[in-house]
Every structure is written in structure tokens, then in C-alpha cells.
Amino acid sequence: MALELIRTIEEFRRVRDEARAAGSLGFVPTMGFLHEGHISLVKMAREQNAVVAASIFVNPAQFGPNEDLAAYPRDLERDMEMLEEAGCDLLFHPSPEEMYPPPKQDVYVVPGDIASRLEGAARPTHFRGVATVVIKLFNIVQPDRSYLGQKDGQQVAVVRRMMRDLNVPGELVVGPTVREPDGLAMSSRNTYLTTEERAAAPVIYRALTDALDLYRAGQTNADTLRASIRTTLESAPLVASIDYVSIADPLTLAEAEGEVVEGAMASTAVQLGKPRLLDNVILTKSESRGA
Ligand code: AMP
């Protein structure tokens with residue numbers, strides 16, 4: 001089945017109803033400018049479902065006033081080639097007016113504590129925008145399974161919590177972070193990096209994996225592990241500022257105090273040149289790095 005591009009909600013619902021007769025529907029929401037991280041989720045959805053839908057929507061509601069909404073990179077033609085190649089059946093690509101018709105949206109999904117920490121401290125309305133667009137997309141697409149990347153660990157936590165607290169049907173599947181060969185997590189925003197910044201960027205993953213190695217060697221004190229990450233980042237050239245270094249419960253994102261529990265999420269956000277880069281690893285004793 002060739003990839004079908006659909007721009008309106010009405011048309012998507014019609015096509016989806018026909019396609020669903022074939023069986024389960026897997027859904028991968030994105031903001032486009034796709035890379036292997038997105039594509040790994042599409043491939044996972046392809047393996048597990050009869051029909052695969054992706055969306056490309058640069059959601060204005062999750063950008064703050066001084067963020068990169070207008071400049072966010074876009075390349076629909078290339079995205080469509082990559083989606084088709086990965087076996088995606090349906091692409092929902094609505095305009096902002098289609099998703100947010102006038103009058104101005106008045107009802108939002110407003111996550112609580114989980115959204116005020118980490119990314120939420122620097123971007124106070126970000127997760128309100130994310131949760132709202134995700135529930136809108138889920139209501140349009142009505143997927144059996146939705147696929148999100150562990151790369152955005154807080155986003156996973158917010159969506160998981162929303163699904164649980166609001167009894168949203170369907171299953172959430174989380175794919176591991178796909179990285180460049182030198183460890184940098186793939187991100188559409190990596191295109192903003194200069195050559196020098198790109199060369200410095202792998203320090204983020206190295207700081208996190210050094211802490212993971214310490215944890216595996218028996219260091220379970222949260223402060224010590226956070227300090228290790230911070231020291232590595234501070235030693236790196238071009239890291240202009242460190243927004244946060246966190247070791248937190250992966251479900252509530254409450255910051256770990258004292259002993260770290262198995263499965264905690266170590267995460268950081270740093271300003272490296274123009275972009276803020278995020279990354280995380282799961283602290284587990286087992287060999288899988290939790291990506
Ligand atoms: P975005 O287009 O940035 O909104 O991302 C769309 C989806 O792809 C989200 O669920 C992201 O977490 C996921 N994603 C982005 N980068 C990666 C990556 N490097 N590895 C795995 N998933 C990713």
C-alpha cells in the first residue's frame with residue numbers, strides 16, 4: 001500500500017475507518033523533519049500492526065513565545081519518502097487552522113507536577129501544549145497502539161500519566177533512543193549545531209553513561225551521580241549552560257533523594273550553541289542501557 005497523504009480530519013476519519021477493517025492501527029505522532037529515531041518507531045509500529053499511521057504537525061501550542069516555531073525545520077517530500085520506505089500507510093498532515101479552528105481553543109489538558117519539573121521549569125506551557133495536541137490526535141486517529149521515543153523521557157511520562165489519569169484507550173509503546181555513531185541522540189534540532197558544536201555534543205551522552213557506569217559499579221547515591229554528570233558537562237567546551245541535571249522516578253519525575261532506585265531516569269538539558277539538547281538514560285543494573 002502506497003503512503004497516503006491526508007490533510008483534513010474528516011478525510012482522515014473516513015480513510016481510517018476503511019483501513020481499520022484490516023486490523024489494529026499503530027500511530028506515530030511527529031513534528032516532521034524525520035530521522036532514524038522517528039523511523040525506528042514507524043518500523044516498530046509496522047511489525048506490530050495491520051495499519052500504520054504517522055502524523056506531521058508542528059504544534060504551535062507547545063512552543064513558547066521566544067522559541068523556534070517559525071524556524072522549525074521542515075521537508076515534507078523527504079519525510080514522505082522515508083515514511084513510505086519504512087512501510088507507513090497513512091500520513092496525517094493537517095494545517096494549524098485544521099487543528100485549531102477559530103474561535104481560539106479554550107479547553108486544554110493541563111498536566112500537574114509532572115509537567116512543571118525538568119523541561120517544564122524552562123518551558124511552563126510546553127506540556128500543556130503537548131498533552132492537548134496528543135489527546136486531539138488520539139481522538140482523530142483512534143490508535144490501538146501509539147509509539148513514542150524514550151529520547152523525550154518527560155514527554156513519555158506526561159503522556160503515560162495522561163492516559164492513565166484520563167482513561168485514554170489504547171496502548172503506549174516506547175522505543176529506545178536512536179543515536180549517531182558517536183552517541184549523540186538523533187534530533188531534528190541537531191541541524192542547528194555548527195561544526196564545532198556538533199563535535200562537542202557527544203559529551204551529553206558520555207556524561208550520562210559515565211553515571212550509568214558508576215551506578216553499575218555500586219554508586220547509588222543520587223547527589224553523587226548528579227554531581228558526576230554535572231562535572232563532565234562543565235568540563236566540555238561550548239556548553240554554555242546546564243539547565244538541569246536530574247535523577248528522577250521515571251513515572252512521577254520526583255527527584256531522587258538519597259538512594260537511587262533501579263529504573264530511575266538520569267536526564268539533562270544543556271544549551272549548546274543555539275539549540276537546547278536533551279538526553280536521558282535509565283539507570284538499570286542490566287546491560288541494556290535503557291537507550
Ligand atoms: P518530534 O518530531 O521531535 O516531536 O518526535 C516525534 C517522536 O519521535 C517522539 O516520540 C520522539 O520522542 C521520537 N524521537 C525523536 N528523536 C528520537 C530518537 N533519537 N530516538 C527515538 N525516538 C525519537
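Both counts, for ligands and for their atoms, begin at 1 and track the order of listing. Just so we're clear, the structure is a prediction, and the values are computed from it rather than from any experiment.
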Taking the minimum heavy-atom distance to atom 5 (O) of ligand 1, which of His38, Gln62, Met31 ranks first?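 When every heavy atom of His38, Gln62, Met31 is considered, His38 comes closest to atom 5 (O) of ligand 1.
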
Is it the side chain, the backbone, both or neither of [X] that has a heavy atom closer than 4.0 Å to ligand 1?
{"X": "Ser187", "value": "neither"}
{"X": "Pro29", "value": "backbone"}
{"X": "Leu41", "value": "side chain"}
{"X": "Met186", "value": "both"}

Within ligand 1, which atoms have a heavy atom of [X] less than 4.0 Å away?
{"X": "Thr177", "answer": "20 (N), 21 (C)"}
{"X": "Pro176", "answer": "20 (N), 21 (C)"}
{"X": "Thr30", "answer": "2 (O), 6 (C)"}

Over 60° means perpendicular and under 30° means parallel, so tell me whether Phe63 and Tyr72 are parallel, tilted or perpendicular.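 Rings of Phe63 and Tyr72: perpendicular, as their planes differ by over 60°.
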
Are a donor atom and an acceptor atom from the side chains of Thr220 and Glu259 found within less than 3.5 Å of each other?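 Distance-only check passes for Thr220 and Glu259.
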
Side chains of Asp243 and Gln271 only: does a donor on one sit below 3.5 Å from an acceptor on the other?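 Gln271 and Asp243 do not have a side-chain donor-acceptor pair below 3.5 Å.
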
Take atom CD of Glu77 as the centre, draw a 6.0 Å sphere, and report whether it contains more than 12 heavy atoms from other residues, nucleotides or ligands.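 No, the 6.0 Å shell around CD holds no more than 12 heavy atoms from other groups.
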
Mark the output for His35 as yes if a heavy-atom distance to ligand 1 is under 4.0 Å, and as no if none is.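 His35: in contact with ligand 1 (<4.0 Å).
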
Side chain or backbone, does Gly149 bring an N or O within less than 3.5 Å of an N or O on ligand 1?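 Checking ligand 1 against Gly149, an N or O pair does fall under 3.5 Å apart.
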
